[in-house]
Amino acid sequence: WRYSKRALPNCGGNIDWAIATYADAKHLYVFCLGKKESKSAGEKPVKLARILLTDLENGKYANWEFATEKPSGGSSAAAWRQDYALAKSIMPVGGPEMSVLYSPKNKCYVSLFQEPMSEFVSLAVAQNIDGTWTKPCHVYRVSETKITINGKKALTYAGKAHPLLS
């Protein structure tokens, strides 16, 4: 197989990175690190995009949708629109190579990540993949950030979940 990189359509360059993926039987979900929404905001929002697996397999790359605010009085699930301008922030912050998995034991989605340049690995959970995620909490401090090698501070990067090991 061969891979190719493609920009998500309809987002006007407002996505810096895709930081995690998750697939269920019907969709591929991509967690995207958006650009800062205001100069006062200290964090980059995490937006969620999805595409039907059948559309992906058939080369229908324009069919990406973004999670938006749910309609009032509706279900707890988000609405989905192709217009990135309507995309909601599902998390206030994320990190490169963020892990997203479903925990059958806890009946929730789990995200584990390390914010850029942070010494902490953080965890957030949600009942729905497109729902409101909890405020991330620190679950581990990477002690190696205090190590100096050849006069330079060590860099730890991209804390990952390993669900098969836990």
Side-chain angles (χ1 to χ4, degrees), residues 8 10-11 13-53 56 64-72 74-146 154-166:
L8 289 176
N10 308 322
C11 66
N14 288 310
I15 294 174
D16 278 343
W17 301 101
I19 56 176
T21 60
Y22 179 85
D24 61 20
K26 193 173 179 182
H27 291 97
L28 170 68
Y29 296 89
V30 177
F31 291 77
C32 306
L33 194 60
K35 295 187 183 290
K36 287 185 181 181
E37 295 180 340
S38 72
K39 290 184 179 182
S40 62
E43 302 165 332
K44 292 183 177 187
V46 176
K47 310 284 182 145
L48 183 61
R50 76 175 183 184
I51 191 169
L52 286 167
L53 294 174
L56 195 59
W64 284 93
E65 301 174 303
F66 300 93
T68 63
E69 293 296 334
K70 67 180 179 178
S72 60
S75 70
S76 62
W80 293 89
R81 304 281 182 268
Q82 287 190 321
D83 185 356
Y84 178 85
L86 300 174
K88 70 176 184 172
S89 177
I90 62 165
M91 291 178 174
V93 67
E97 298 186 35
M98 180 171 81
S99 299
V100 176
L101 56 105
Y102 183 76
S103 171
K105 179 180 179 183
N106 297 305
K107 297 183 174 89
C108 66
Y109 291 89
V110 177
S111 169
L112 191 79
F113 60 93
Q114 188 173 357
E115 294 177 41
M117 306 309 289
S118 172
E119 62 188 278
F120 295 101
V121 175
S122 297
L123 177 122
V125 299
Q127 293 301 310
N128 299 308
I129 197 165
D130 56 5
T132 303
W133 288 73
T134 61
K135 180 180 176 184
C137 64
H138 297 155
V139 294
Y140 181 75
R141 182 178 168 273
V142 182
S143 60
E144 288 81 1
T145 59
K146 302 300 180 191
L155 173 67
T156 57
Y157 179 78
K160 304 278 287 177
H162 298 281
L164 296 176
L165 300 177
S166 57

Just so I know, are the side chains of [X] and [Y] near enough to count as touching, which here means a heavy-atom distance under 4.5 Å?
X	Y	answer
V100	Y29	no
V46	V93	no
Y84	I15	yes
P136	M91	no
F31	I90	yes
W133	L48	no

Could you tell me whether the side chain of [X] and the main chain of [Y] form a donor-acceptor pair under 3.5 Å?
X	Y	result
N106	C108	no
T68	A79	yes
N128	D130	no

Measuring from [X]:[atom1] to [Y]:[atom2], what's the distance to the nearest 0.5 Å?
X	Y	atom1	atom2	value
Q114	S122	CD	OG	8.5 Å
Q82	L8	CD	CG	11.5 Å
K88	E69	NZ	CD	5.5 Å
L123	K135	CG	NZ	14.0 Å
E97	L112	CD	CG	12.5 Å
W64	L52	CH2	CG	10.5 Å

Heavy atoms only: give me the nearest L53-A25 pair and the separation to one decimal. CD1-O, 3.7 Å

For I19 and F113: C-alpha separation, side-chain torsions, deciding distance, then whether side-chain contact (heavy atoms from CB on, under 4.5 Å) applies. CA-CA 10 Å; I19 56 176; F113 60 93; over 6 Å; no

Does the plane of the ring in H138 sit parallel, tilted or perpendicular to the ring in F120? Use 30° and 60° as the thresholds. parallel

